[in-house]
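Here is the structure we will look at.
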Amino acid sequence: MAKKEKDVNRRPAARLPKGMRDIGAAELRETQAMLEKIRAVYERYGFEPLETPAFEYTDSLGKFLPDQDRPNAGVFSFQDVAPEARDTTGNEQWLSLRYDLTAPLARHVAENFQDLPKPFRRYATGSVWRNEKPGPGRFRQFTQFDADTVGAESIAADAELCMLAADTLEALGIERGQYVIKVNNRKVLDGVLDSIGISGPEHSSKRLVVLRAIDKLDRLGVDGVKQLLGAGRKDESGDFTEGAGLNEDQVRKLIVFASLQDGLIPLEDVTDIPPQDRSARGEVSVFKSSDGNSSFFAESNKGVLDGLQVHFGRNEISRAGIFELQELAELAEAAGYGRDRIRIDPSVVRGLEYYTGPVFEAELLIPATDDKGNPVRFGSVGGGGRYDDLVARFTGQKVPATGFSIGVSRLQAALTALGRAPAPALGPVVVTVMDRDSLADYQAFVHTLRDAGIRAELYLGNPKKFGRQLEYADKRGSPVVVIQGSNEREAGEVILKDLIEGAKAAAAISDNKEWKEARPAQISVPVANLVEAVREILARHTPSSS
């Protein structure tokens, strides 16, 4: 008895690590369907696939994450103690799980620079890991899908990625007006940081805290951001996040920048534009003066850019960023992507430090509520920007680059909450076992269906109770089961039971005797017609592809 108790105490508890989760078949299939639609858009834009390892040397990844308050600066790391893994000086090297797909790309480009076509256009998808504080809907492992152009200095490369982001969301069933691609330029913020005295490498850690703080404006509000820019902030759980330590004047200037658009409508004077062309610039408002003359104004990207120029154009760094935004907006509008799809928005910051130019975020605008009826804001489901210095970490030579990443896990959760997730896939056809001595015959049915390209399986549990076989098929999401008893075998037939139609019919039958007599959605067919009959049933329940 004591030995058994000792064995029980040695057993490990079955538990998930915090911030991790198991993903079942239905969600995995939804993810795969999403990935294929995203892949089709990326391929259409001419990007090529690339796969890099989950692990990289820690110094290759760099320390760009905003979570400096987390162990290992927000990454999962370990020391490789194998003798063959030591560096040239005999030291054991550190490895880290990738925290995004961009840093490994920079390493790949630097390592293979001479052999790659320039510009190099690649897409990649896979899991990334972040040592962040987990919370509801916030996991430490999630999936991203990136597209990057390396070696192109032109702002046209950034504009193209904004267009790609818009096209990808529409390919996933999100209609125009239900999303927006917000665009800003890190140089505009860099100019503001320069004006308050925190430019230069000696302030890099402080700038990272500032970026992280401003990036949380939508979630924490002005007061929360002020705390993070100052001494720090204690959240609802009691955890304290150290702030940037800025003085009141520095905080005030940054808050003015971050909240510039709050409550303001960026208007462009379109009075001199032909009437038939005004609506193309945005929603038009009419203002009449006291003398009866009318002026026409439209909410437009130009209106935003004019505002940026007035407030921040005196700083040379900011002015360069504003000019790049103007070029990006013009390129997008010339291609038919107006402000309703691609919008200049100074509130976009992006929390990663390696961005050097235009930055963009994909945001869903679809109103939604939670189970209690409270409004839900999904926020950013993708983002990216220009990172011209990332490859230079390895080569010492500037290599321009820009990229966009879709947060597949977050976007999928949003689509599910909105009822936009793909319909669940049908389970396999289940061949039941009525007679153990006829297993070979049942297995032959399975192979016949599989050879015809139909998902099928033989019931491998205890066949003693037939009802449990039907319960199993129902839990597997099987649309149809194949049944053959001794009478059907003598007649050269099988019974096909349509479980989906059967469930509908059974719901309308209240009497058990009536159900037994009607045997809803159940037919007998010759064995020779098995494949054809199963296909007919599957066709009834397979949604047509859009």
Side-chain angles (χ1 to χ4, degrees), residues 19-45 47-54 65 74 76 97-105 121-132 134-148 161-175 178-182 350-352 359-366 368 376-385 403-425 546:
M20 302 293 181
R21 67 188 184 117
D22 296 323
I23 304 175
E27 185 175 344
L28 285 173
R29 288 197 175 94
E30 288 179 11
T31 302
Q32 190 59 41
M34 280 185 61
L35 293 179
E36 289 307 312
K37 290 181 179 180
I38 298 170
R39 192 188 314 274
V41 176
Y42 287 14
E43 287 273 358
R44 196 163 70 240
Y45 271 71
F47 290 91
E48 298 285 347
L50 174 71
E51 184 173 323
T52 56
L65 282 182
F76 289 102
L97 281 169
R98 64 191 181 201
Y99 56 78
D100 70 3
L101 300 175
T102 307
L105 170 65
R121 298 162 65 83
R122 86 89 172 86
Y123 69 79
T125 185
S127 294
V128 298
W129 295 263
R130 296 192 182 176
N131 189 3
E132 298 177 329
R138 186 180 182 89
F139 300 101
R140 290 171 163 177
Q141 177 181 344
F142 49 94
T143 303
Q144 291 185 336
F145 206 143
D146 291 16
D148 294 76
L161 286 172
C162 293
M163 299 175 203
L164 174 140
D167 289 349
T168 300
L169 293 179
E170 292 183 18
L172 292 169
I174 303 170
E175 299 174 3
Q178 298 179 332
Y179 72 89
V180 66
I181 311 302
K182 295 182 176 181
R350 304 296 295 164
L352 292 172
V359 288
F360 20 88
E361 287 187 349
E363 183 174 327
L364 299 188
L365 305 176
I366 309 170
V376 174
R377 181 181 177 276
F378 293 112
S380 172
V381 294
F404 173 76
S405 175
I406 285 184
V408 175
S409 305
R410 177 179 288 197
L411 178 55
Q412 184 173 346
L415 292 175
T416 300
L418 294 167
R420 304 287 183 88
S546 56

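What you see is a predicted model; the values in this text were computed from it and never measured.
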#### Entry: CZ/R121: more than 12 non-hydrogen atoms of other groups inside 6.0 Å
yes
### Message
How about CD on E43, more than 12 heavy atoms from neighbouring residues, nucleotides or ligands closer than 6.0 Å, or not?
### Response
yes
Which distance, rounded to the nearest 0.5 Å, do you find between the [atom1] of [X] and the [atom2] of [Y]?
| X | Y | atom1 | atom2 | answer |
| --- | --- | --- | --- | --- |
| D167 | C162 | CG | SG | 11.5 Å |
| E30 | T416 | CD | OG1 | 5.0 Å |
| R410 | Q144 | CZ | CD | 10.5 Å |
| T143 | I406 | OG1 | CD1 | 12.0 Å |
| R98 | W129 | CZ | CH2 | 5.0 Å |
| D146 | L105 | CG | CG | 8.5 Å |

### Message
With side-chain contact (heavy atoms from CB on, under 4.5 Å) as the criterion, how do I38 and T125 come out once you've worked through the C-alpha distance, each side chain's angles and the decisive distance to 0.1 Å?
### Response
CA-CA 10 Å; I38 298 170; T125 185; over 6 Å; no
### Task
May I ask you to decide if the ring planes of F145 and Y42 are parallel, tilted or perpendicular, using 30° and 60° as cut-offs?
perpendicular
Please give me the minimum heavy-atom distance between [X] and [Y], naming the atom from each residue.
| X | Y | value |
| --- | --- | --- |
| R350 | S380 | NH1-OG, 4.1 Å |
| F360 | G403 | CE1-O, 3.4 Å |
| A171 | V41 | CB-CG2, 3.7 Å |
| A124 | L50 | CB-O, 3.2 Å |

Taking the side chain as every heavy atom from C-beta outward, state whether [X] and [Y] have any atom pair closer than 4.5 Å.
| X | Y | result |
| --- | --- | --- |
| F47 | L164 | yes |
| Q141 | I23 | no |
| R29 | Q32 | no |
| V381 | Y179 | no |
| R21 | E27 | yes |
| F142 | V408 | no |
| L169 | I181 | yes |
| N131 | R140 | yes |

